[in-house]
Amino acid sequence: MHFELSEEQALIQDAARKFADDRLKPNAAKWDEEKIFPVDVLKEAAEMGFAGIYTRDDVGGSGMSRLDAAIIFEQLSRGCVSTAAFISIHNMVSWMIDTWGNDEQRQKWLPKLTAMDMIGSYCLTEPGAGSDAGSLRTKAVRDGDDYVLNGSKAFISGAGTSDLYVVMCRTGEAGPKGISTLVVEKDTPGLSFGANERKMGWNSQPTAVVTFEDCRVPAANRLDEEGKGFSIAMNGLNGGRINIGACSLGGASEAYDLAREYVQGREQFGKPIEAFQATQFKLADMATDLDAARLMLYRAADSLDRKDPGAPKHCAMAKRFATDAGSKVANDALQLHGGYGYLKDYPIERIVRDLRVHQILEGTNEIMRVIIAKSL
């Protein structure tokens, strides 16, 4: 077992951190306040190889590992949690097409996705099917060389702006075995979008309902065989859980560093508040939780790279722990700032807001406990 990064991984980490410091952090407050989706900066991230991190290199991907991705998303989230999280979603879409698409599909979409000339969204959740994804009702009926798609998806990141939508839909029997995966292009007749949701956080990316009304999708746009969609979705979520945990780790690490700096300069009762043992103990617990989260995420990423049968459990454990710990550490960092932490003049409150949803998406942390319990 080796706990230090390789030389190549250290270079990847430095590059992601520099991009976060130079292009994300200076703009994060404005993107949040004005609800700006920074497509131009996403394309810059693609030039760094961050739009196809674990997509094969014959279509412009970086061909890196899940561990590399965890390292990257941790650093990107130090600049802007919301934007880094969207890049993670886009990578999931690219990976699904790369893994389950045929060569024609891969060559059609992936060179544009890995360059961010096309942006991808992932459509699983529905108004009536959140944690119970196997009960989704969006339906696709085969009609000659097409499928006719009807239904709606909720909480879709990138909705209205993205160019491709990887959609989980019902093509057969009730339950998981009747679900297939279709790739729907933005200009498809019958595809429409709701208004941008007013959210607590994640404001640098649009979120809306995606609706399909007699939406005719070529059968050539189906990934793999009919009935494979639920398996594709769950496999995608294993990696997504590592990524979103890494985003929590990065955001919380940034909040922790800001808190350490703040307590050194803030004086009360005639001395810096870092001199009080209560402050020191809180920082010690925060540092311990961050270190534990990082170790769990890296172990989960490594197990996914090795195709370890225990990977789904490791991913669920790491996601549950990292997102819970990340929210707690960020909230504790806000507490250490006192009233100033509650002000938008400081980045802490934005980090707290952005991290909160991580305990819900990619499978709620209650569902993570279900997955872990089943493995026991």
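Just the heavy atoms: all of them, side chains too, but no hydrogens, waters or symmetry mates, feed the values below.
- Across all their heavy atoms, R78 and S253 have their closest contact at NH2-CB, 3.2 Å.
- Residues N365 and K319 come closest through the heavy atom pair OD1-NZ, 2.8 Å.
- Between the side chains of S327 and Q359, at least one donor N or O sits under 3.5 Å from an acceptor N or O.
- For the pair S375/P312, no side-chain contact is recorded, criterion being any heavy-atom separation below 4.5 Å from C-beta on.
- S157 and Q205 share a donor-acceptor pair across their side chains, judged by distance under 3.5 Å alone.
- Between R320 and D324 there is a salt bridge, since at least one side-chain N of the basic residue sits less than 4.0 Å from a carboxylate O of the acidic one.
- The shortest distance between side-chain heavy atoms of P347 and E254 does not fall below 4.5 Å.
- In this structure, R216 contributes its side chain and P218 its backbone to no donor-acceptor pair below 3.5 Å.
- Checked against a 6.0 Å centroid threshold, the rings of F193 and Y165 count as neighbours.
- Under the side chain to side chain contact (heavy atoms under 4.5 Å, CB included) criterion, D345 pairs with L343, not counting sequence neighbours.
- Contact detail for V148 and D214: the closest heavy-atom pair is CG1-CA, 3.7 Å.
- Remark: aromatic rings of W31 and W202 are distant, center separation not under 6.0 Å.
- Counting only residues at least two apart or in different chains, ring-ring contact (aromatic ring centres under 6.0 Å, His included) contacts with residues 244-288 comprise Y262-H337.
- With hydrogens and angles disregarded, no donor-acceptor distance shorter than 3.5 Å links the side chain of R17 to the backbone of E74.
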